[in-house]
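To keep things clear, I will list the structure first and then write my remarks on it.
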Amino acid sequence: MPHPTVSIADLSRHLDQTVSLQGWVEALRSSGKVAFLLLRDGTGSCQCVIEARTEPAFTAVAGLHQEGSLRLTGRARPDDRAPGGVEIAVETIEVVQSAEGYPIARKAHGVDFLLQHRHLWLRSARQTAIARIRHTVISAIRGYFDDLGFTLVDTPILAPGAAEGAGTLFTVDYFGEPVYLAQTGQLYLEAAAQALGKVYCFGPTFRAEKSKTRRHLAEFWMVEPEVAWADLPDLEALAEGLICRVVERVLGGHRADLDRLGRDPAPLEAIRAPFPRVTYTEAVEILRSPETRATLEAEQARDLAAVEALRKEIAGLDSQLGQATKAWKQEKLGQEIQAAQERLRELEMAVENRPGHMEDAAAFAWGRDLGGDEETILSRRFDRPLVITRYPKAAKAFYMKSDPENPRVALNLDILAPEGYGEIVGGSVREDDLAALEARMAEEGMDPAPYQWYLDLRRYGSVPHGGFGLGVERTVAWICGLRHIRETIAFPRFMGRLYP
RNA sequence: UCCGGCGUAGCUCAAUGGUAGAGCGGGUGGCUGUUAACCACUAGGUUGUAGGUUCGAAUCCUACCGCCGGAGCCA
């Protein structure tokens with residue numbers, strides 16, 4: 001076969017040439033005189049035209065189904081009627097496998113069905129767009145730290161004990177001993193930071209929390225930098241630069257993918273340093289402030305108007321439904337109505353809950369940890385990620401260093417993604433003084449014996465240091481504008497889901 | 001663990017106490033430079049499970065199972 005095999009992404013460089021493509025059937029329409037095969041190969045999609053006089057190709061295409069695999073050869077030519085502007089005039093087809101009975105149709109499906117067929121769902125245009133963006137997010141993260149002179153250090157996944165709450169860990173049998181799947185590499189990374197200065201780890205982490213929400217997974221990926229000699233402003237700047245770099249790389253290379261996901265790029269274009277920074281104490285004041293009350297009242301008014309608008313929209317769709325003649329158009333309208341009703345339910349719930357949120361916010365007591373509702377209220381007041389620092393010490397982990405200017409608070413930071421996507425970064429300056437750390441561990445009732453190696457880090461050349469973790473899936477969900485975190489990873493693991 | 005919602009054809013959904021249906025997908029035939037093509041025909045069901053009420057249950061009641069969302073907790 002003298003013709004070059006090319007990928008669809010490269011097709012525009014082969015106009016008016018005869019080329020071979022190999023891939024899968026994305027869509028197929030065939031008839032007495034002509035067949036249209038939308039071929040996808042992982043790099044893109046291309047319409048391939050098979051005319052009835054082109055035998056045996058025309059007969060062969062009749063045996064194909066959605067997601068059937070094939071090789072074909074034909075001439076690449078520009079045509080305005082083809083999606084993408086280029087199509088293949090097919091000369092020969094080799095069906096590799098017909099894919100009869102492919103279960104996922106080109107229509108709406110329920111989430112559970114799609115997750116049960118996740119191994120096939122991955123092929124869809126939407127899922128491949130997310131996968132490509134996730135890849136860029138990860139490579140941008142690695143590039144950012146590599147460019148800054150960080151060294152990657154892989155930390156163990158099998159860990160002897162809990163760094164934080166032990167109830168949230170998965171237990172594994174380790175030669176007869178119970179050990180846990182790591183929920184962070186941090187403690188090990190602190191050791192590495194004293195060896196190499198600037199380090200990061202990047203791997204899967206595990207939480208056995210029985211959370212069934214669209215923000216939670218039992219297995220997710222987290223990047224954790226740890227920096228010797230760093231203070232809190234250093235960490236804020238490091239995290240800020242990281243998020244900017246990631247957003248910039250996605251915007252730079254994935255306009256078409258974002259468009260395919262229906263993601264408005266405008267909120268992402270607004271992501272620039274400096275991010276707004278508040279302390280926990282200021283956040284509490286913001287929550288209690290009349291301005292927040294006014295913002296919430298404005299949101300309430302806006303949502304009430306949106307509820308009215310949606311009701312009208314649904315009524316309009318209903319009347320269209322009455323007039324629609326084609327059955328499949330009725331079906332499509334019916335699905336639009338359902339989607340609108342779902343949005344309506346969400347809005348109505350927001351409207352119903354808001355008075356309670358307003359009361360909670362107005363009465364928020366210093367010392368409580370910020371809950372999801374408070375985070376949402378705070379992040380909605382800014383168009384960029386919000387950096388919140390210096391939480392009450394009591395609400396935070398034992399290894400966090402106290403603020404020397406106010407021992408009631410820790411030198412920590414959380415970063416909330418905009419648009420209600422929640423916490424994407426959590427980190428702190430670590431307690432580097434041996435006596436203070438031992439005292440804090442005693443307060444928590446921790447047995448110091450298994451932590452002797454960790455305490456050694458304070459005995460031998462202890463320095464100020466700190467780090468943070470950034471959750472990949474939440475970041476991808478935010479950047480892609482996804483309703484659900486489960487789409488951000490190829491094979492999600494969460495309560496009740498182990499297949500496929 | 002708690003609160004709320006939902007389980008009907010392979011899929012998405014109708015049927016609100018009285019003969020279980022439609023679209024998509026599958027199959028057969030026709031037809032068209034098609035864009036979720038179109039037209040005709042066709043196959044496809046223990047209405048999640050178990051019990052109860054009733055002349056009669058997809059529909060009402062009870063329990064269980066499964067799924068979804070939220071709270072708590074977190075990235």
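Worth saying up front: this structure is predicted, and the values here are computed from it rather than measured. Quick note on labels: first sequence line is chain A, next is B, and so on, each numbered from 1.
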Worksheet item: Counting only N and O atoms by type, is there a donor-acceptor contact under 3.5 Å from the side chain of Tyr280(A) to the main-chain atoms of Leu370(A)?
Response: no

Worksheet item: How close or far is atom C1' of rC2(B) from atom CD of Glu209(A), stated in whole angstroms?
Response: 16 Å

Item to complete: Tell me the stems RNA chain B sits in, counting at least three consecutive Watson-Crick or G-U wobble pairs, each under 3.5 Å on both distances.
Response: B:1-7 with B:65-71, B:10-13 with B:21-24, B:26-30 with B:38-42, B:48-52 with B:60-64

Practice prompt. Using the C1' atom on both, measure rG70(B) against rG10(B) and round to a whole Å.
Written response: 31 Å

Worksheet item: Which is true for Pro83(A) with a 4.0 Å heavy-atom rule: it touches a base, it touches only sugar-phosphate, or it touches nothing?
Response: base

Item to complete: Send over the distance from Lys396(A) NZ to rA75(B) C1', rounded to a whole Å.
Response: 11 Å

Discussion item. For rC74(B), does the base pair up with any side-chain atom of His216(A) as donor and acceptor (N or O, under 3.5 Å, distance only)?
Written reply: yes

Discussion item. Between Ala27(A) and Thr213(A), which residue's closest nucleotide on RNA chain B lies nearer the 5′ terminus?
Written reply: Ala27(A)

Practice prompt. Check every strand shown and say whether His117(A) touches a base, only sugar-phosphate, or nothing at a heavy-atom separation below 4.0 Å.
Written response: nothing

Fill in: Candidate nucleotides rA71(B), rA75(B), rG26(B), ranked by approach to the side chain of Asp373(A) - the nearest
rA71(B)

Discussion item. Give me the distance, rounded to whole Å, that separates rA58(B) from rC2(B) when you measure between the C1' atoms they each carry.
Written reply: 30 Å

Worksheet item: What nucleotide, of rC67(B), rG72(B), rA37(B), holds the atom closest to the side chain of Asp112(A)?
Response: rC67(B)

Item to complete: Would you confirm whether Arg263(A), through its side chain, and Trp478(A), through its main-chain N or O, come within 3.5 Å as a donor-acceptor pair?
Response: yes

Item to complete: Select base, sugar-phosphate, or nothing to describe what Ser30(A) touches, counting heavy atoms under 4.0 Å on all strands.
Response: base

Fill in: Atom-to-atom span, CZ of Phe206(A) to C1' of rC73(B) - whole angstrom
19 Å

Discussion item. Should the side chain of Glu87(A) and the base of rG33(B) be counted as holding a donor-acceptor pair, with the cut-off at 3.5 Å?
Written reply: yes

Discussion item. Using a 4.0 Å heavy-atom cut-off, does Val472(A) contact any base of the nucleic acid, only the sugar-phosphate backbone, or nothing at all?
Written reply: nothing

Worksheet item: Base, sugar-phosphate, or nothing for Arg215(A), non-hydrogen atoms under 4.0 angstrom?
Response: base

Worksheet item: For Glu100(A) and rU28(B), what is the distance between atoms CD and C1' respectively, to the nearest whole Å?
Response: 14 Å

Practice prompt. Pick the P atom in rC24(B) and in rA63(B), then give their distance to the nearest Å.
Written response: 41 Å

Worksheet entry | d(CD, Gln66(A); C1', rG26(B)) in whole Å | 13 Å

Worksheet item: What do you reckon, do Phe220(A) and the base of rA75(B) stack, with centroid distance below 5.5 Å and planes below 30°?
Response: yes

Worksheet, complete the sentence: Assign each of Glu51(A) and Leu370(A) the nucleotide of RNA chain B bearing its closest heavy atom; nearer the 5' end lies the nucleotide of Glu51(A)

Worksheet item: For Ile50(A), does its backbone N or O pair with a side-chain atom of Thr54(A) as donor and acceptor, under 3.5 Å?
Response: no

Discussion item. Between Arg118(A) and Ala490(A) (side chain of the first, backbone of the second, donor and acceptor by atom type, cut-off under 3.5 Å), is there such a pair?
Written reply: yes

Response to the item:
Closest of rC68(B), rC11(B), rA75(B) to the His109(A) side chain is rC11(B)

Worksheet item: If you look at every strand shown and take non-hydrogen atoms under 4.0 Å, does Glu473(A) touch a base, only sugar-phosphate, or nothing?
Response: nothing

Item to complete: Pick base, sugar-phosphate or nothing for Asp79(A), based on heavy-atom distances below 4.0 Å to the nucleic acid.
Response: base

Practice prompt. Just call it for Ile104(A): base, sugar-phosphate, or nothing, with non-hydrogen atoms closer than 4.0 Å on any strand.
Written response: nothing

Item to complete: Sticking with atom P, work out how far rU34(B) lies from rG44(B), rounded to a whole angstrom.
Response: 36 Å

Practice prompt. Verify the contact: side-chain N or O of Arg483(A) to OP1 or OP2 of rC68(B), cut-off strictly under 4.0 Å; return yes or no.
Written response: no

Worksheet item: Okay, side chain of Asp360(A), backbone of Ala363(A): is any donor-acceptor separation there less than 3.5 Å?
Response: no

Item to complete: Would you kindly give the NZ-to-P distance between Lys210(A) and rC73(B), to the nearest whole Å?
Response: 17 Å

Discussion item. Please check: side-chain N/O of Glu374(A) versus main-chain N/O of Leu378(A), any donor-acceptor pairing under 3.5 Å?
Written reply: no

Fill in: P spacing across the pair rC11(B) / rG45(B), given as an integer number of angstrom
13 Å

Practice prompt. Send over the distance from Arg40(A) CZ to rU35(B) P, rounded to a whole Å.
Written response: 22 Å

Worksheet entry | Whole-angstrom distance between rA36(B) and rG23(B), as gauged at atom C1' | 12 Å

Practice prompt. Taking atom P in both rG69(B) and rC60(B), compute the distance separating them and give it to the nearest angstrom.
Written response: 25 Å

Worksheet entry | Tyr188(A) side chain vs Asp154(A) backbone, donor-acceptor pair below 3.5 Å | no

Worksheet item: Within the structure shown, what part of the strands sits under 4.0 Å from Arg368(A) by heavy-atom distance: base, sugar-phosphate, or nothing?
Response: nothing

Practice prompt. Look at the side chain of His65(A) and decide which nucleotide, out of rU1(B), rG27(B), rG69(B), has an atom nearest to it.
Written response: rG27(B)

Worksheet item: Quick one: Arg214(A) CZ to rG72(B) C1', roughly how many Å, whole number?
Response: 17 Å

Worksheet, complete the sentence: Regarding the side chain of Ile485(A), the nearest nucleotide among rU34(B), rG69(B), rA75(B) is rA75(B)

Item to complete: Report the distance from atom CG of Leu416(A) to atom CD of Glu375(A), rounding to the nearest 0.5 Å.
Response: 5.0 Å

Worksheet item: To the nearest 0.5 Å, what is the distance between CD1 (Ile8(A)) and CG (Asp41(A))?
Response: 3.5 Å

Practice prompt. Mind checking Glu26(A) for me? I need base, sugar-phosphate or nothing, with any heavy atom below 4.0 Å counting as a touch.
Written response: nothing

Worksheet item: Considering only heavy atoms and no angle criterion, is a donor-acceptor pair shorter than 3.5 Å present between the side chain of Arg486(A) and the base of rC68(B)?
Response: no

Worksheet item: When you measure from the side chain of Ala105(A), which nucleotide among rU34(B), rG26(B), rC24(B) comes out closest?
Response: rC24(B)

Worksheet item: Between rU59(B) and rG48(B), how far is it from one C1' atom to the other, in whole Å?
Response: 15 Å

Practice prompt. Please check if the side chain of Arg474(A) supplies one atom and the backbone of Ile485(A) the other of a donor-acceptor pair under 3.5 Å.
Written response: no

Worksheet entry | Whether Asn412(A) side chain and Tyr391(A) backbone form a donor-acceptor pair below 3.5 Å | yes

Practice prompt. Pick base, sugar-phosphate or nothing for Phe113(A), based on heavy-atom distances below 4.0 Å to the nucleic acid.
Written response: sugar-phosphate

Discussion item. Is Arg207(A) close enough to rC74(B) that one of its side-chain N or O atoms is under 4.0 Å from OP1 or OP2 there?
Written reply: no

